[in-house]
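We count ligands from 1, going down the list as the structure has it; atoms in each ligand are counted the same way. Remember, it's a predicted structure, so these values are computed and weren't measured experimentally.
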Amino acid sequence: MPIAIDAFTSPTLKHLRERWWNDEFTEFLVETLRPRAGNRILDVGCGEGLAEIHIGRLHLSQIRLVGVDLMIERVMVGRHETAAHNQKVGFATADACALPFRDAVFDSTFCVAVLQHIGDVAQAIGEFARVTAAGGRVVAVEPDNSGRYMYSSTAAGRRAADASTQFFRELTSARGDAADATVGPRLPTLFDAHGIEPLSVRLFPVSTTILGTPPESFWTGRKADVEQSIETAPTPAVRAIGRTYLDALDAYAREADAAGSAFVEIQNTMLFATVGQKAA
Ligand SMILES: C[S@@+](CC[C@H](N)C(=O)[O-])C[C@H]1O[C@@H](n2cnc3c(N)ncnc32)[C@H](O)[C@@H]1O
């Protein structure tokens, strides 16, 4: 059973775009980036090139897409995947906070679910403004992971959700992760501070609903993801919190099983797509 977002396995929307990225989202990006023939468009934190593949399917003529990401392995997958789709995309390894491009060389710049992982968001947005030409669009799509909604029809589900929040909070803190996972709604203010006029904010809900007891494989997958996070926890104290959380998940699985067709789990998170225009 695929689950599009899962607060039980991750504190962010990390690695899950392929599950929620749909045609409506691609159309939104293309409409707001306003690509014209001859344009150069930069995707910061492109990951494995999902945006490039989706935009490439629209066969927009004579635009040049460039994707950069901090992780070389992802850039290599993006290069391979787009080549397999006969698309010409420029890929490079680069840090959003120090983009290796001259000023104003892109007609528009965008990022999806990237700033939530960056410690110095202001520096990154300053870089977006610097490399984008005057009058060009800047689009950033980010969540507010503090505002995730979770409903479970079982008491054990609600307890497991609390245990999950505690585990991921402790894990993030023990890793010294300075990133702001709540950056989504703050983007217009950040744009404004860097000479990018905020034009609009569109909200994209990303939701998932489970009705009736999920199969055992669902719980095995959920627990395997959590176990992976526990393995990477830097301290014994956080690993102990993780194991308590695993016990809470086991109890949740048992109650869900007992509830049968009356079982319900609903999750929702919101993406804030901020569109701005670099001042002339
Ligand atoms: C959640 S993924 C999103 C990937 C892609 N935008 C998508 O929507 O499929 C976040 C990406 O941001 C990249 N990233 C994180 N920090 C970065 C930084 N400082 N500079 C560039 N990329 C970064 C990660 O390597 C990862 O590929």
How many angstroms lie between atom CZ of R64 and atom CG of N39, to the nearest 0.5 angstrom?
->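 If we round to the nearest 0.5 Å, R64:CZ and N39:CG are 13.0 Å apart.
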Any nitrogen or oxygen of [X] lying under 3.5 Å from a nitrogen or oxygen in ligand 1? Just yes or no.
| X | result |
| --- | --- |
| R74 | yes |
| D43 | no |
| V68 | no |
| L70 | yes |

Could you list which atoms of ligand 1 come closer than 4.0 Å to a heavy atom of [X]?
| X | result |
| --- | --- |
| M71 | 25 (O) |
| A113 | 1 (C), 2 (S), 3 (C), 10 (C) |
| D95 | 18 (C), 19 (N), 20 (N) |
| W21 | 8 (O) |
| I118 | 16 (N), 18 (C), 19 (N) |
| C46 | 5 (C) |

Does I125 sit in a hydrophobic cluster with other residues, and if so which ones, taking ILVMFWY side chains as linked at heavy-atom separations under 4.5 Å, directly or through other members?
->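 Listed partners: L42, V44, V66, V68, L99, F101, V105, F106, V114, L115, I118, V121, F128, V131, V138, V183, L187, L190, F191, I196.
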Nearest neighbour of atom 6 (N) of ligand 1 from the list A124, G67, G45, on a heavy-atom basis =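 Among A124, G67, G45, the closest heavy atom to atom 6 (N) of ligand 1 belongs to G45.
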Anything under 30° is parallel, anything over 60° is perpendicular, the rest tilted; go ahead and classify W21 against F25.
->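 Rings of W21 and F25: perpendicular, over 60°.
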Quick one: does A94 get a heavy atom under 4.0 Å from ligand 1?
->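 It does; at least one heavy atom falls under 4.0 Å.
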Backbone N or O of A122 within a donor-acceptor pair of the H194 side chain at under 3.5 Å?
->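 Judged by distance alone, yes, a pair lies under 3.5 Å.
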Are the side chain of R79 and the backbone of F91 linked by a donor-acceptor contact shorter than 3.5 Å?
->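 Side chain of R79 to backbone of F91, a donor-acceptor pair under 3.5 Å: yes, one is there.
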Among pairs that include at least one residue of residues 113-133, which meet salt bridge (Lys or Arg N to Asp or Glu O under 4.0 Å), considering only residues two or more places apart or in two chains?
->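 Residue pairs passing salt bridge (Lys or Arg N to Asp or Glu O under 4.0 Å), neighbours aside: D103-R130, E127-R130.
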Counting only heavy atoms not in E31, do more than 12 sit closer than 6.0 Å to its CD atom?
->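 12 or below, so no.
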Other residues, nucleotides, ligands: >12 heavy atoms within 6.0 Å of I266 CD1 |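 It does: I266 CD1 has more than 12 such atoms within range.
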